[in-house]
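Since the structure comes first, as structure tokens, the remarks are kept for the end.
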There are 2 protein chains.
Amino acid sequence: MNQSFNAFQIVADPSRRQMLQLLSQDSMTINGLAEHFDMSRPAISKHVRILNDGGFISIQDKGRERHCTLKQDGFNELQQWIDYFDKFWLNKLKKLETLINQKSKQ
Amino acid sequence: MNQSFNAFQIVADPSRRQMLQLLSQDSMTINGLAEHFDMSRPAISKHVRILNDGGFISIQDKGRERHCTLKQDGFNELQQWIDYFDKFWLNKLKKLETLINQKSKQ
DNA sequence: TAATTAAGTAACTTTTAGGTTACGCAAAGA
DNA sequence: TCTTTGCGTAACCTAAAAGTTACTTAATTA
């Protein structure tokens, strides 16, 4: 498979977001995850692979089971992007305050 | 057109993210935006509509021109989602610290 | 008022994300 | 060792996202 997603595309899918949500409660095997979804196991496998490739989860093989755990890496890119715009709004607010202060001094 | 996107889908598209990036520098008309992209104007129009519907930008009509400005609303849903996992990691870190502290007391 | 400019709409095409079924393989149990 | 279980891969299908061209409309300008 040749699918390569960026962090934003990865969390754009509702099922994948739900998986991250579930894994934030507890680490799970592939089948454990699958129980929560109304789709075939291969479909689950695909999502898991995408989450793994994107650094949102890590996978520990234990015999024939694969245990999925949340991993911070994938979230970082999103975080940074959000942070950038956060600063934009904060800055805008600051400028507005300065403006109001100047007005009140007149 | 009947396209309805959630906040995550909206920022999943690289062109739309670039638009938000550009608008964080300065507000722009539709054609102003279009200059930065290698795609037809109708394609730009579509993206702008999606950003507007999602509350990521607002549009002020000035004559035949439409001026686009960043708007905070759309970012909020993303922010909240990120915050949830932020807390997850912080919490995990705290638990780890507690564990280390307990060890050192033994 | 005729021409130009800024932008939207409609209809269509292409690409791709997300799903399926069928099959294979290795680990675990009977 | 035979069967079951947990999971992956391959090939395929479908729906929808993202793009196109052709046309329209309304504001501006010559």
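No hydrogens, no waters, no symmetry mates; every other heavy atom, side chains included, goes into these values. Order of the sequence lines sets the chain letters (A, B, ...), proteins ahead of strands, with each chain counted from 1.
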Nearest whole Å is fine: how far is [N] [atom2] from [X] [atom1]?
| X | N | atom1 | atom2 | result |
| --- | --- | --- | --- | --- |
| B:Leu51 | D:dA18 | CG | C1' | 14 Å |
| B:His67 | C:dA6 | NE2 | P | 11 Å |
| A:Glu65 | D:dC7 | CD | P | 6 Å |
| B:Ile50 | D:dG19 | CD1 | C1' | 12 Å |
| B:Lys46 | C:dT13 | NZ | C1' | 11 Å |
| A:Phe5 | D:dA17 | CZ | C1' | 13 Å |

Taking every non-hydrogen atom, the tightest pair across [X] and [Y]:
| X | Y | answer |
| --- | --- | --- |
| B:Asn6 | A:Ala12 | ND2-O, 4.3 Å |
| B:Cys68 | B:Ile30 | SG-CD1, 4.0 Å |
| B:Phe85 | A:Leu20 | CE2-O, 3.6 Å |
| B:Val11 | B:Arg17 | O-NH1, 2.6 Å |

Please tell me if A:His47 has a side-chain N or O lying less than 4.0 Å from either OP1 or OP2 of C:dG19.
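Result: yes.
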Determine: side-chain N/O of B:Arg66 to OP1/OP2 of C:dG8, distance under 4.0 Å, yes or no.
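Result: yes.
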Tell me, which of residues 6-40 of chain B have any heavy atom that sits under 4.0 Å from an atom in DNA chain C?
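The answer is B:Thr29, B:Ile30, B:Asn31.
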Got a second to check how far B:Leu22's CG is from B:Leu33's CG, nearest 0.5 Å?
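One finds 6.5 Å between CG of B:Leu22 and CG of B:Leu33.
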Kindly compute the distance separating CG (A:Leu51) from CD1 (A:Ile57), expressed to the nearest 0.5 Å.
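These two atoms lie 5.0 Å from each other.
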Review item, nucleotides 23-26 of chain D N/O atoms under 3.5 Å of protein N/O:
none

Do B:Arg41 side-chain and C:dA7 base share a donor-acceptor contact under 3.5 Å?
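Side chain to base: pair present.
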Test: salt bridge (Lys or Arg N to Asp or Glu O under 4.0 Å). Region: residues 63-90 of chain B. Which pairs qualify, not counting sequence neighbours?
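Sorted pair list: B:Asp61-B:Arg66.
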Distance to the ring centre below 6.0 angstrom and angle to the axis at most 45 degrees; does that hold for A:Arg16 and A:Phe5?
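Verdict for A:Phe5: a cation-pi partner in A:Arg16.
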Listed in order of residue number, which residues of residues 52-62 of chain A have a non-hydrogen atom at under 4.0 Å from DNA chain D?
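DNA chain D contact set from residues 52-62 of chain A: none.
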Donor-acceptor pair, side chain of A:Asn31 and main chain of A:Ala34, under 3.5 angstrom:
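Not confirmed, A:Asn31 side chain does not pair with A:Ala34 backbone.
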Nonpolar side-chain network containing B:Ile100, other nodes, edges under 4.5 Å
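Direct or chained contacts put B:Ile100 with B:Leu96.
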Sequence neighbours left out, what pairs pass ring pair (Phe, Tyr, Trp, His ring centres under 6.0 Å) with at least one residue falling in residues 14-73 of chain B?
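Sorted pair list: B:Phe56-B:Phe75.
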